[in-house]
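For ligands, and for the atoms within them, numbers begin at 1 and follow the listed sequence. Keep in mind it's a predicted model, so treat the numbers as computed, not measured. The first residue of the sequence shown is numbered 1, and numbering continues consecutively from there.
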Amino acid sequence: MLSHSNIRFHARSGGALKGRLRVPGDKSISHRSIMLGSLAEGTTHVSGFLEGEDSLATLNAFRQMGVNIEGPENGRVVICGVGMHGLKAPQTPLDLGNSGTSMRLLSGLLAGQGLDLTLTGDASLSSRPMRRVTEPLRLMGARVDTTDAGTAPLHIRPVPSLKAIDYELPVASAQVKSCVLLAGLYADGVTCVTESAPTRDHTERMLQGFGYALQRDGSRVCLKGGGKLIACDIDVPADISSAAFFLVGASIAPGSDLTLEHVGMNPTRDGIINILRLMGADIEVSNERSVGGEPVADLRVRHAPLKGIRIPEDQVPLAIDEFPALFVAAACAEGETVLTGAEELRVKESDRIQVMADGLQTLGVDARPTPDGMIIQGGQIHGGEVDSHGDHRIAMSFAMAALRSDGDIHIRDCANVNTSFPAFDRIAGDAGLKLEVEHG
Ligand code: S3P
């Protein structure tokens, strides 16, 4: 476990990724399992739960609101649901750490509960835009205050009722969509959300799994407030966003042959596979099946020469968390890779366009940031020291870059790898990455 606040990665150059492994559980699904399980009638059993800091922040928040939750123990969690109106006001502000999903989804879920509470987070989360959720909630009659800058802490005040809205998402964001739908559970009338581009639909799938009726019509989804959730069992697939580092690592490292088991293959999340294949990656999908309403499969990935591409904009929301890893793939590809239409990357756990461009340039790669993307010329990655800016996905992406660099890569500020991928160092090391974790 990477628990120290000042952790550095030392990734030695070279190596290959081999064998079979299962990365930890899907973060988005883990969050939602706690949220819906807590509001359900009956007991929900979860397996494959991600025991990372982000999903644990959600779990602890519901404990603070009076929900009895056992575990997690080896990915197993048992949630004794309190019903739609059983949450209690917490004694202290709910600290959601680094987790944007916790904050944005909870703001909607809690807006109509009649509770008075505050949501806080770490420095990164406290600088991320929150008006994208407070604005639709205000239209529903909620009172959720931000700072003057539109950031956390969020103060949720009790209101007598919420009213349904018909909302067109101004940004392609599953967090905003989910926030409005979760508030809609408590609203009078039918709440509808229309998205400009498909974003992950785990909230919709899981609501249906808990027996809540919703109507989907193309890009529009609607639900009627005032219903209830019935407890169910949830088997969380391995997180394709964590698998992404290994898909890229094995693709770029000669001699690699790696199988990733039980990976979530939801079509709103599979952009990484589509984009890597367009670049020439050798990814074989097998054993396709469905668990609890979510498709999963095993992925075998072997080294292949990659070529630069213009990344199709329709793939951007389907791979939104995978661009740090994809930039590393582009740095190893032959020719130019161009990403556009990805301005959302600037407001993730860090400004992923700037931080990745800075790091790649430090390692000798011609990476030019643009307002909404990046232009990367493939070439040789050199050794050097880069800063992850506390961004878990950037730390893991640069660790994988060492598979193809001609010198070691040192990465600063890696403790937040624990938010999404505890034991990354062990799992990646077992597969063949030469990674040392340095404390202090
Ligand atoms: C998430 C949605 C995405 C993603 C995040 C998880 C979710 O955020 O980047 O890691 O679980 O709904 P946006 O909705 O801001 O795109």
A.B. asks: Identify the closest protein heavy atom to atom 14 (O) of ligand 1: which residue and atom is it, and at what distance?
C.D. replies: Ser173 OG, 2.7 Å
A.B. asks: Quick one about His202 and Ser28 (side-chain donor to acceptor, distance below 3.5 Å, no hydrogens or angles considered), yes or no?
C.D. replies: no
A.B. asks: Could you say whether the N/O atoms of Arg393 and ligand 1 ever approach to under 3.5 Å?
C.D. replies: no
A.B. asks: So, Thr151 and Thr146: side-chain donor and acceptor under 3.5 Å apart, yes or no?
C.D. replies: no
A.B. asks: Between Lys348 and ligand 1, which part of the residue brings a heavy atom under 4.0 Å of the ligand: side chain, backbone, both or neither?
C.D. replies: side chain
A.B. asks: Does Ala174 reach ligand 1 with a nitrogen or oxygen that is under 3.5 Å from one of the ligand's nitrogen or oxygen atoms?
C.D. replies: yes
A.B. asks: For atom 10 (O) of ligand 1, find the nearest protein heavy atom and state the residue, atom name and distance (0.1 Å precision).
C.D. replies: Asp321 OD2, 2.8 Å
A.B. asks: N/O of Ser178 under 3.5 Å from N/O of ligand 1, yes or no?
C.D. replies: no
A.B. asks: Mind checking whether Arg200 contacts ligand 1 via backbone (N, CA, C, O), side chain (CB onward), both or neither, at a 4.0 Å heavy-atom cut-off?
C.D. replies: side chain
A.B. asks: Can you confirm, on distance only, whether ligand 1 has an N/O atom lying under 3.5 Å from any N/O atom belonging to Glu344?
C.D. replies: no
A.B. asks: Can you find an N or O of Glu349 that's nearer than 3.5 Å to an N or O of ligand 1?
C.D. replies: no
A.B. asks: State the CG-CG distance between Leu56 and Asn418, to the nearest 0.5 angstrom.
C.D. replies: 9.0 Å
A.B. asks: Rounded to the nearest 0.5 Å, what separates atom CG in Leu106 from atom SG in Cys179?
C.D. replies: 9.5 Å
A.B. asks: Starting from atom 12 (O) of ligand 1, locate the nearest protein heavy atom and write down its residue, its atom name and how far away it is, to 0.1 Å.
C.D. replies: Arg32 NH2, 2.6 Å
A.B. asks: Which protein non-hydrogen atom lies closest to atom 11 (O) of ligand 1, naming both residue and atom, and how far is it?
C.D. replies: Ser28 OG, 2.7 Å
A.B. asks: Walk me through whether Arg220 and Asp166 qualify under salt bridge (Lys or Arg N to Asp or Glu O under 4.0 Å).
C.D. replies: CA-CA 10 Å; Arg220 185 176 158 91; Asp166 193 337; 3.0 Å; yes
A.B. asks: Hey, are Ser47 and Arg76 close enough side-chain-wise for a donor-acceptor pair under 3.5 Å?
C.D. replies: no
A.B. asks: Under 4.0 Å from a heavy atom of Thr101: give me the atoms of ligand 1 that qualify, with their elements.
C.D. replies: 1 (C), 6 (C), 7 (C), 11 (O)
A.B. asks: Does even one non-hydrogen atom of His31 get within less than 4.0 Å of ligand 1?
C.D. replies: no
A.B. asks: Parallel, tilted or perpendicular, judged at 30° and 60°: which one describes the rings of Phe246 and Phe421?
C.D. replies: tilted
A.B. asks: State, with a plain yes or no, whether a side-chain heavy atom of Asp298 is found less than 4.5 Å away from one of Val263.
C.D. replies: no
A.B. asks: With distance as the sole criterion, is a donor-acceptor pair present between the side chains of Ser178 and Thr203 under 3.5 Å?
C.D. replies: yes
A.B. asks: Going by distance only, is there an N or O of Gln175 that falls short of 3.5 Å from an N or O of ligand 1?
C.D. replies: yes
